[in-house]
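Computed from a predicted structure; not experimentally measured.
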Amino acid sequence: PVVIYEPKDDDDPVPPDPDGGEDDGDNGDGDDGGPGRKVYVSGVPAKIIAERIEYIGPDGDLITESYRDFTRKQIHSEFASLDDFLQGWNAASKKQAIVEMLEEHGIVLENLAEEISKDIGEFDLICHIAYDQPPLTRQERANNVKKRDYFTKYGEQARAVLNALLDKYADKGISAIENAKILKLKPFRDMGTPMEIINEIFGGKTNYENAIQELEQEIFYQEKSA
């Protein structure tokens, strides 16, 4: 539950640390995504308090603003327009790299998903918050790929792997399918070892990585053609 801090006349207007202790900004505590989570904005410690963020601006003043407005501004500092973002997203061989780059700006997408919907992936969160695009859920995106049935170009075993990866995206997000360690989990381990899947089903690491990138292109197809 959200705790409402109501300071009295003589109280500090800044809410106290929810841990009840001193926050010196140089340990790793408070990274559970809840109120008071510490992030860094251009290397400067900041604190997320409910739906607000507090950080020290370039002039040394304490800045408090809604986390959503802060996120929009930070994304625009990297991608001025939707087209700029789409070009960067589509060109990235690993989409997780863009997510990590935004984290360096103090953007924690998990916090935004809590506010908007846990079923919306990183891509749609960014497009919705920064560029006012209507979001699709990960499941809706996965269903759209299945409707287009682009898997027919692959053999039966490769289709089974890609369908399972698509289901993992719908459940966990983009980072899950970009990490080959996922092949150690069910249902993939029933199809073979990671090396067998990569080398025997896809014909090697390069072909497997190309198949993952093509899968991602299909997942975000609508935005590419916009």
Could you tell me whether [X] and [Y] make a salt bridge, using a distance below 4.0 angstrom between a side-chain N and a carboxylate O?
X	Y	value
K95	E122	no
R141	D119	no
K73	E65	yes

Pair Y150 + Y221: ring centers closer than 6.0 Å: no
Pairing residues for Y208 by the ring-ring contact (aromatic ring centres under 6.0 Å, His included) criterion, not counting sequence neighbours: F202
All salt bridge (Lys or Arg N to Asp or Glu O under 4.0 Å) counterparts of K186, not counting sequence neighbours: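 K186 satisfies salt bridge (Lys or Arg N to Asp or Glu O under 4.0 Å) with D190 only.
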Joint cluster assignment, M195 & L183, ILVMFWY side-chain distance < 4.5 Å: no
Spatial distance of atom NE2 (H128) from atom CG (L112) [nearest 0.5 Å]: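 Answer for the NE2-CG pair, H128 versus L112, is 10.0 Å.
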Flag if over 12 foreign heavy atoms under 6.0 Å of [atom1], [X]:
X	atom1	value
K146	NZ	yes
M101	CE	yes
Q157	CD	no

Intermediate values then yes/no, side-chain contact (heavy atoms from CB on, under 4.5 Å), E178 and E216: CA-CA 9 Å; E178 290 189 338; E216 291 179 343; 2.6 Å; yes
D167 and R138: CA distance, side-chain angles, deciding distance, salt bridge (charged side-chain N to carboxylate O under 4.0 Å, His left out) verdict: CA-CA 9 Å; D167 290 337; R138 294 189 303 272; over 6 Å; no
